[in-house]
Amino acid sequence: MDPLAPFREEVESSVKAALEEIGARQELQMEVPDAAIADFAFPCFSLAKVLRKAPAAIAEELVAKIKTNSLIERVWADNGYLNFKVNQSELVRATLQEVMRARSDYGKGEDKGTKVLLEHTSVNPTGPIHVGRARNPIIGDTLARCLRKCGYQVATEYLVNDVGRQVVLLSWGVRNIPQEDVVPASDRQKDDHLLVGFYQRANEQLESKPEVEAQIASLTRGFEAGDPEVVSMVRETTERMLHGIRESLSSINVELDQYTWESQFILNGDAKRVVERLKTVPECHEEEGAFYLDLSAFGIHGRDTKFFFTRSDGTTLYTTRDMAYHQDKFKRADQLINVLGEDQKLEQQQLAAALRILGGDKVPECLFYAFVSLPEGRMSTRKGRAVHLDDLIDEAEDRAYEEVRKRRVDLSEEKMRQIARDIGRGALRFNIVRVQAEKQIVFKWEEALNFEGNSAPFLQYAHARCCSILAKAGEFERVIDPSLLDDPYERKLIRILAQYPTVVRDCGVKRRIHLMPAYGQEVASAFNQFYAYVPVLRSGERQAVRLTLVESTMWVLRGVLDNLGIVAPEEM
RNA sequence: GGGCAAGUGGCCUAGACUGGAUAUGGCAGCAGCCUCCUAAGCUGCAGGUCCGGGGUUCGAAUCCCCGCUUGCCCGCCA
């Protein structure tokens with residue numbers, strides 16, 4: 001339950017009644033202004049035209065007509081706004097009661113009864129995940145967590161691209177290039193780091209040796225024809241690579257529910273069936289044996305209107321398999337969301353048009369992110385120019401470890417390592433997700449590994465402070481007495497805690513996950529101020545209510561961190 | 001050449017969907033705060049042509065148009 005709901009409803013119904021009284025028919029558009037101004041506000045500007053009066057005059061007129069119950073403390077007109085201040089005691093009571101009742105479920109939305117299939121990451125298994133692509137699993141996993149918190153049934157899925165020239169090339173390299181000719185990505189004993197060197201060397205040979213080109217072409221044909229030997233060779237290499245990638249994902253707390261292999265859609269005939277159906281539609285045309293759809297009627301213009309779905313030799317293309325995959329996904333869920341790099345925008349537009357042509361009434365919703373680049377340019381696995389996610393994680397943990405060691409000489413080595421892991425990895429995830437996905441990011445170590453201010457450790461630290469106070473207090477009686485929680489720092493903190501369910505809803509419904517870290521920062525900041533000025537332990541008759549507030553804050557911080565896939569350490 | 005995004009103090013960033021009350025935070029800088037619950041913290045100071053130019057409006061960071069800059073895409077690759 002949302003503790004703000006009764007207040008919001010009271011404000012809305014009173015405004016509605018007042019509007020009817022002055023004869024204005026108007027869509028209710030409430031705002032939540034800056035805390036210093038009011039709790040809720042109704043702007044009267046759009047009424048000005050209809051009523052032919054100044055907004056300020058309308059606001060004054062409305063104030064006189066407003067009737068509210070005890071949930072509202074004050075109503076006043078200011079600057080063309082009708083402002084509302086809610087009853088602070090009631091807000092304190094409603095908020096703390098709800099947090100203490102729901103605890104880790106505070107903010108959780110009602111079960112929506114909607115199955116969402118969220119595809120994310122799906123990076124090509126040709127090398128270790130680099131930072132350029134690292135936004136994908138982090139955004140995807142965070143969105144999945146937020147949607148679940150909202151009440152959606154979410155399944156996450158990774159499409160493994162085990163079809164096509166690049167995986168064939170990789171597999172060929174692993175079989176044919178001697179180990180000593182290859183430079184691994186690092187000295188890590190991880191399959192993705194060990195194998196990527198073969199891929200890079202194979203790419204070089206492809207350019208320098210014509211006979212390699214012929215071998216690859218032959219293997220590719222063998223794969224498409226279902227030659228068991230080739231298929232199993234590619235499968236084996238891809239599985240090893242994927243194993244390494246999954247280890248990396250796991251280390252940033254990302255676990256996907258399902259891995260679907262692209263080759264499945266060739267082997268089970270789905271891709272072929274898509275081709276056959278597409279060949280019968282009016283948009284279908286042929287050019288030298290290859291078939292394509294003319295998408296000029298679908299808002300796609302210029303040279304991009306030809307959307308090929310077969311080669312002239314009749315074999316399928318990635319996009320054809322992707323269509324089969326999406327049809328399959330729609331059988332399994334009510335709603336599809338894809339988290340994709342911005343290079344996929346046109347492809348997805350074409351895919352959506354093709355799905356419509358095939359008679360589908362639903363298309364996937366896409367969340368695009370811009371790539372993280374290096375100051376010297378775009379990262380590339382093939383060229384070996386990349387910062388690997390694994391290296392970034394290690395560096396984050398090392399730096400966090402230095403910080404822990406400086407501060408906590410009392411802890412065991414093992415404990416320090418554990419805390420450094422939680423902080424380093426958390427800092428990484430937070431820094432990716434705090435920025436809107438569509439903004440381009442130039443990678444800088446100092447920024448990626450910020451432990452202060454607007455960062456995961458800031459939230460984690462506030463959480464640890466809560467835990468520390470609660471641990472020192474021991475058992476206590478949960479007391480909610482608004483008259484004993486009258487300090488401005490307490491009131492400010494509670495007001496922010498009350499907004500958590502609203503934030504959860506906005507994150508999920510609007511798919512704006514960067515609201516979550518921003519909100520967490522607000523909570524932690526308000527708590528730190530409270531911490532600095534309001535003593536909790538040894539505060540006499542106020543100790544119990546303050547401990548209740550501290551515990552409530554802890555639940556909210558823990559919830560926020562959990563939504564972000566970040567561990568909430570009890571000490572640091 | 002065409003298309004899709006983004007441009008907010010030295011740096012990073014919120015707000016833009018739904019125009020409205022002093023543009024949100026952080027980093028870096030300067031000045032303070034640990035006999036008291038962890039200073040990964042708190043307080044204060046300083047720092048802004050919201051890329052530029054037009055337009056719509058009583059009112060524009062927000063909407064429209066024209067530019068500029070940056071990223072991405074425009075393959076019978078995946």
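Hydrogens, waters and symmetry mates play no part in the numbers below; they use all other heavy atoms, side chains included. Letters go in sequence order (proteins before strands), and every chain restarts at 1.
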Between protein and nucleotides 69-78 of chain B, map the contacts as a letter string: B base, S sugar-phosphate only, - none, heavy atoms under 4.0 Å, written 5' to 3'.
-> -BBSSS-BSB
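In terms of position on RNA chain B, the residue among Glu447(A) and Ala464(A) whose nearest nucleotide sits closer to the 5' end is Glu447(A).
Applying the salt bridge (Lys or Arg N to Asp or Glu O under 4.0 Å) definition to pairs two or more places apart or across chains, those involving residues 283-299 of chain A are Glu287(A)-Lys306(A). Residue pairs meeting the salt bridge (Lys or Arg N to Asp or Glu O under 4.0 Å) criterion with at least one member in residues 530-547 of chain A, sequence neighbours excluded: Asp486(A)-Arg542(A), Glu490(A)-Arg546(A).
Pairing of C58(B), defined by two Watson-Crick or G-U wobble distances under 3.5 Å, is identified with G20(B). Shown here, A78(B) forms no base pair; nothing in the strands shown gives a Watson-Crick or G-U wobble contact with both key distances under 3.5 Å. Base pairing of A6(B) is made with U69(B), judged by Watson-Crick or G-U wobble geometry with both donor-acceptor distances under 3.5 Å.
By the salt bridge (charged side-chain N to carboxylate O under 4.0 Å, His left out) test, Arg135(A) is found to be paired with no residue, residues two or more places apart in sequence or in another chain being considered. Under the rule for a side-chain hydrogen bond (donor to acceptor under 3.5 Å, both in side chains), Arg505(A) has no partner lying at least two apart in sequence or in another chain. Annotation: side-chain hydrogen bond (donor to acceptor under 3.5 Å, both in side chains) contacts of Thr142(A) (sequence neighbours excluded): Arg429(A).
Centroid-to-centroid, the aromatic rings of Tyr500(A) and Tyr519(A) come within less than 6.0 Å.
Using a 4.0 Å heavy-atom criterion, one finds that Pro55(A) contacts no nucleic acid atom at all. Nucleic acid contact class of Ala473(A) (heavy atoms, under 4.0 Å, all strands): none.
G26(B) and C63(B) have their C1' atoms separated by 30 Å, given to the nearest Å. Comparing G19(B) with A60(B), their P atoms are spaced 14 Å from each other, to the whole Å. Atom name P, nucleotides A14(B) and G25(B): the rounded distance is 14 Å, in whole Å. To the nearest whole angstrom, the two C1' atoms, one in G2(B) and one in C12(B), are 33 Å apart. Rounded to the nearest Å, the gap between the C1' atom of A61(B) and that of G48(B) is 12 Å.
One finds a side-chain N or O of Gln529(A) lying less than 4.0 angstrom from the OP1 or OP2 phosphate oxygen of U43(B). Residue Arg512(A) places at least one side-chain N or O under 4.0 Å from the OP1 or OP2 atom of A16(B). For the pair Gln349(A) and G3(B), the criterion of a side-chain N or O lying under 4.0 Å from OP1 or OP2 is not met.
The glycosidic torsion of C30(B) lies more than 90° away from 0, placing the base in the anti range.
Here OG1 of Thr121(A) is found 10.5 Å from CG of Leu340(A). Values are rounded to the nearest 0.5 Å.
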